[in-house]
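This structure is a prediction, so every number in the text was calculated from the model and none was measured.
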Amino acid sequence: MIDEDLIFKALADGTRRLILDALHTQSGQSLGALEEIVADRTEMSRFGVAKHLKVLEAADLVIVQRHGRQKLHYLNSVPIRAIYDRWIDKYTEPQVRALTVLKQKAETHHD
C-alpha cells in the first residue's frame, strides 16, 4: 500500500529530489556515489545523505539491494506515478481535453 504522506514528505526536500534525479539518471548507485553527487551541490556529510536515503526508502521511492558488501540504491518510480495519477492527472485532464477539442476545432475551421 502506498503511503502518500511519506511520499509527499520525501519529495518535499530538495536534497532528496536531487538523489532521486541521480538515481533516475543511473539507478543502482552506492551511498558513496550518491554522496559525491550531493556534495557537488551541498556541504552534506555521508551521514546526512544516508538519513535522506532512509526517508526515501521509507516512502518506497528507493529500493536497496545488497551486492556482496556493497548496498546499491535503485529508483522505484511506482509511488511517484501513483501520486501523479491520484493528484495531478485527474485535475489536469479536463484542461487537456478542452485544449484538444479547441485545437481540433481550429484545425477544422482552418481547412
Side-chain angles (χ1 to χ4, degrees):
M1 175 134 163
I2 292 176
D3 187 331
E4 292 179 352
D5 289 338
L6 288 176
I7 297 166
F8 280 117
K9 177 184 174 187
L11 294 174
D13 183 85
T15 300
R16 291 192 284 269
R17 291 191 306 270
L18 177 63
I19 292 169
L20 291 175
D21 284 343
L23 291 174
H24 180 262
T25 301
Q26 181 184 343
S27 204
Q29 295 193 53
S30 67
L31 173 59
L34 293 169
E35 179 188 6
E36 286 182 30
I37 291 166
V38 171
D40 284 346
R41 302 245 181 114
T42 69
E43 300 270 331
M44 190 168 293
S45 68
R46 183 179 190 91
F47 179 72
V49 174
K51 283 179 64 176
H52 283 294
L53 282 168
K54 287 289 182 201
V55 173
L56 292 168
E57 288 176 50
D60 202 28
L61 292 167
V62 170
I63 297 170
V64 178
Q65 292 184 347
R66 287 201 168 272
H67 292 276
R69 294 169 58 185
Q70 190 174 41
K71 285 173 49 177
L72 298 180
H73 303 84
Y74 294 87
L75 175 65
N76 179 18
S77 58
V78 172
I80 294 172
R81 181 58 197 217
I83 291 293
Y84 176 83
D85 290 346
R86 166 67 175 94
W87 290 103
I88 298 169
D89 189 46
K90 80 176 187 180
Y91 291 106
T92 60
E93 197 275 330
Q95 292 85 353
V96 171
R97 186 177 338 113
L99 288 173
T100 302
V101 169
L102 183 63
K103 180 180 180 276
Q104 289 170 343
K105 286 182 180 179
E107 289 171 350
T108 302
H109 292 299
H110 185 270
D111 292 333

I need the E35 CD to T42 OG1 distance, nearest 0.5 Å. 9.5 Å
Check: D60 main-chain N/O paired with N76 side-chain donor or acceptor under 3.5 Å: yes
Atom of G28, atom of Y74 and distance for their closest heavy-atom approach: CA-CE2, 3.3 Å
Side-chain heavy-atom pair L61, L23 within 4.5 angstrom cut-off: no
I'd like to check K71 versus L31 (side-chain heavy atoms, cut-off strictly below 4.5 Å). Are they in contact? no
To the nearest 0.5 Å, what is the distance between CD (E107) and CG (L102)? 10.0 Å
Hey, any chance L6 and W87 share a hydrophobic cluster, counting ILVMFWY side chains that come within less than 4.5 Å of each other, even indirectly? no
Quick one: does E57's side chain have a donor or acceptor within less than 3.5 Å of a partner on V64's backbone? no
Supply the atom-to-atom distance L56 CG to K9 NZ, rounded to the nearest 0.5 angstrom. 10.5 Å
Of all the heavy-atom pairs spanning P79 and A59, show the shortest one and how long it is. CG-O, 4.0 Å
Here the gap from L20 atom CG to H73 atom NE2, rounded to the nearest 0.5 Å, amounts to 12.0 Å
Under a 3.5 Å distance rule, please check whether R17 uses its side chain to pair with a backbone N or O of L11 as donor and acceptor. yes
Quick check: does any side chain N or O of S30 sit under 3.5 Å from a backbone N or O of A33, one acting as donor and the other as acceptor? yes
Does V55 belong to the same Ile/Leu/Val/Met/Phe/Trp/Tyr cluster as V38, with side-chain heavy atoms less than 4.5 Å apart forming each link? no
Nearest-0.5 Å distance, CD1 of residue I19 to NE2 of residue H52: 6.0 Å
Once you round to the nearest 0.5 Å, how far does CD1 of I80 lie from NE2 of H24? 9.0 Å
Spell out, yes or no, whether L18 and L72 are grouped together once hydrophobic residues are joined by side-chain heavy atoms under 4.5 Å, including indirect joins. no
D3 versus I7: any side-chain heavy-atom pair under 4.5 Å? no
